[in-house]
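To start, the structure under review is shown below, and the notes come after it.
Starting from 1, each residue takes its place in the sequence as its number.
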Amino acid sequence: MRAAKALFIRHGAERTPEGRALLLLRHWLSPAQRGQFAEKGYFDVVGGDTGNRYRIYAGAATNVCEIDENGRPKTGLCFLPRGDLPIGDVMLAQKIALETCEGSVLAVARMFTPSGFLFSRSRPLR
């Protein structure tokens with residue numbers, strides 16, 4: 001009964017714009033990123049220009065951090081596409097932008113000091 005209920009909820013959720021956006025995001029993630037996102041609610045990407053590592057947390061704003069060699073947030077970045085988009089679409093745009101045009105992202109992003117509280121509360125999106 002639980003499995004049937006979970007399947008019904010998942011199928012129904014995948015018909016919403018938010019559900020479709022998360023499906024598209026998962027499709028674009030590597031297997032390692034997909035596992036990280038499912039388990040921890042964030043995934044790491046490598047900047048296409050500098051090779052710096054970034055972590056994209058579940059969210060649509062102030063959800064990206066450059067991380068240090070120990071995986072700790074170093075510098076927060078706030079950038080997002082225009083429009084009222086579902087979270088999955090925003091996160092996918094952030095991933096693609098960092099991987100393909102990191103310099104342009106850094107030129108427009110607002111920098112902030114990440115707080116441990118903000119990023120320790122990340123949760124997986126289903």
Side-chain angles (χ1 to χ4, degrees):
M1 185 70 154
R2 281 187 191 163
K5 183 178 179 183
L7 182 62
F8 177 76
I9 290 170
R10 181 177 176 145
H11 181 68
E14 289 173 353
R15 290 184 173 197
T16 66
E18 293 79 11
R20 289 191 307 270
L22 287 172
L23 278 175
L24 181 63
L25 171 64
R26 287 187 191 102
H27 177 75
W28 276 76
L29 296 176
S30 70
Q33 289 171 327
R34 210 172 11 258
Q36 189 180 30
F37 185 52
E39 183 181 324
K40 298 181 180 178
Y42 60 76
F43 57 90
D44 295 344
V45 300
V46 176
D49 297 336
T50 65
N52 291 343
R53 290 183 8 185
Y54 299 92
R55 184 163 288 160
I56 301 177
Y57 294 85
T62 64
N63 65 312
V64 179
C65 280
E66 181 180 354
I67 55 176
D68 64 18
E69 58 278 348
N70 296 318
R72 291 186 297 242
K74 191 163 89 171
T75 304
L77 303 171
C78 183
F79 68 98
L80 58 149
R82 288 188 177 158
D84 187 21
L85 300 174
I87 288 173
D89 288 346
V90 172
M91 294 172 68
L92 178 56
Q94 291 168 329
K95 168 189 167 47
I96 293 169
L98 285 168
E99 291 174 341
T100 62
C101 55
E102 178 187 12
S104 297
V105 168
L106 296 176
V108 299
R110 293 187 182 235
M111 309 290 185
F112 64 92
T113 303
S115 87
F117 174 74
L118 178 65
F119 296 108
S120 65
R121 296 177 36 141
S122 188
R123 62 176 174 72
L125 293 176
R126 305 235 185 254

Hey, does [Y] have a side-chain heavy atom less than 4.5 Å from the side chain of [X]?
| X | Y | result |
| --- | --- | --- |
| M111 | L77 | yes |
| Y54 | V105 | no |
| I87 | N63 | no |

State plainly whether one hydrophobic cluster holds both [X] and [Y], where clusters connect Ile, Leu, Val, Met, Phe, Trp and Tyr through side-chain heavy atoms under 4.5 angstrom apart.
| X | Y | result |
| --- | --- | --- |
| L24 | I56 | yes |
| L92 | F43 | yes |
| V90 | W28 | no |

Interatomic distance, [X] atom [atom1] to [Y] atom [atom2] [nearest 0.5 angstrom]:
| X | Y | atom1 | atom2 | answer |
| --- | --- | --- | --- | --- |
| T75 | N52 | OG1 | CG | 9.0 Å |
| E66 | L98 | CD | CG | 10.0 Å |
| M91 | I96 | CE | CD1 | 12.5 Å |

Expected output: side-chain [X] to main-chain [Y] donor-acceptor under 3.5 Å:
| X | Y | answer |
| --- | --- | --- |
| R34 | L29 | yes |
| E102 | D49 | yes |
| E99 | V45 | no |
| D68 | N70 | yes |
| R55 | P73 | no |

Nearest heavy-atom pair of [X] and [Y]: which atoms, and what distance?
| X | Y | result |
| --- | --- | --- |
| A21 | P86 | CB-CB, 3.6 Å |
| D44 | Q36 | N-OE1, 2.9 Å |
| C78 | F112 | N-CE2, 4.0 Å |
| F79 | Q94 | O-NE2, 2.8 Å |

